[in-house]
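One structure below.
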Amino acid sequence: MRYLDEFQDRTLAQKIVTKIVQMTDRPLCFMEVCGTHTVAIFRSGIRHLLPEMLTLLSGPGCPVCVTSQKDIDKAIALATEPGVILVTYGDMLKVPGTRSSLQQERARGADIRVVYSVSDALQIAADNPAKMIVFLGVGFETTVPNAALSVLEAQKRKIKNYLVLSIHKLIGPPLRALLEAGEVQLNGFILPGHVSTIIGARPYEFIASDYNVSGVITGFEPLDILQAIYMLVQQVRDGSSKIEIQYRRAVSWEGNRVAQMVIDEVFEPADATWRGLGVIPQSGLRLREKFAAFDADHVFAVETDFSREPAGCRCGEILRGVEIPSRCSLFATVCTPEQPVGPCMVSSEGTCSTYYQYARTQV
């Protein structure tokens, strides 16, 4: 408990805030990439402590939110295939597809099960040899190693009814896409701590070298985030752009090499479609050819030509930092956590959901 208290010390936090205020002498805009950071910033009240000239925007770091409508429709279609048990994490259940949702299909009789780890999915496969188990693999590099290990374990145990529908994504390509698009003038990124424990800091170097934008990898406690903001402001004042690690207790420059090797053994980069960003080359992960027997995309041919974004939903613009939830006409009226229209209102890390919970009447 003492350890956590140290990262929530009010006196120290106020000292850092005072420095940030003193140093901010021009309009600055930083984007927190990770949805967990967005939640932590709102929950701890950091936004209210920062100077008016310093803007924080939420980015494309929520894996549920960035999943394309077409991929959601594909998962729903697979869940209704005869003999299929679709296994997924809870957040995906309520995400609306074009015609339905996993939650609605489960109510209609489809066998859709929520798990807390991919090892549970593998066990369901072992316990149900007459069924085909499809694990809906969603997430960034943080969750991919376990998905890769599940495939290796299935191969080792000769479990032949286990498939992965890989909608996994890589964190670097969308950041490059945002910078290339230039829709939002960013001075820096608050980079995700979880993903960075796996990939390290090196994959972010292009942000500074190619675009002259700063980046700081940080943890999720209030002092972590405040220190990261301070480091970003300091870089701007110094006229420098570099990638720094605030979250040194968990992140190294090289990352977790073992996890990286496991990912590389099972998956390979592939083009992927992102909500709000379209197709980004080499931004997703698909199973390598030698694991085709475990690839749901290889085993099933599912048509999703009918896919379309929900009318009026601005999740795509919100994920790019172009808009904020309160400027969406559906926010908190038609679109609520109980009846979400878009994925950003579904996920606990979604920007709309976070605004709804913490700042519905303030923004």
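Bear in mind the structure is a predicted one, so any value in this text is a computation, not a measurement.
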Distance-only, no hydrogens or angles: does the [X] side chain make a donor-acceptor pair with backbone N or O of [Y] under 3.5 Å?
X	Y	answer
N161	N128	yes
Q14	T11	no
D71	I167	no
E141	I171	yes
T67	P63	yes

Within a radius of less than 6.0 Å around [atom1] of [X], do more than 12 heavy atoms belonging to other residues, nucleotides or ligands occur?
X	atom1	value
E52	CD	no
R26	CZ	yes
R308	CZ	no

Applying the side-chain contact (heavy atoms from CB on, under 4.5 Å) criterion to I190, which one of V33, I217, D224, I229 satisfies it?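 By the side-chain contact (heavy atoms from CB on, under 4.5 Å) criterion, I190 pairs with just one of V33, I217, D224, I229: I229.
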Does a donor on one side chain and an acceptor on the other come within less than 3.5 Å for [X] and [Y]?
X	Y	answer
Y162	S150	yes
S307	Q69	no
Y358	R47	no

Are [Y] and [X] co-members of a hydrophobic cluster defined by side-chain heavy atoms under 4.5 Å apart?
X	Y	answer
L163	F267	no
L12	V21	yes
M261	L149	no

Please identify each residue that fulfils ring-ring contact (aromatic ring centres under 6.0 Å, His included) with F135, with sequence neighbours left out.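 For F135, the residues satisfying ring-ring contact (aromatic ring centres under 6.0 Å, His included) (neighbours in sequence not counted) are Y89.
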Would you check if the distance from the ring center of H194 to the ring center of F220 is below 6.0 Å? yes
Sidechain N-carboxylate O distance under 4.0 Å for R237, D25: yes
State plainly whether the residues E105 and R108 are in salt-bridge range, i.e. N to O under 4.0 Å. yes
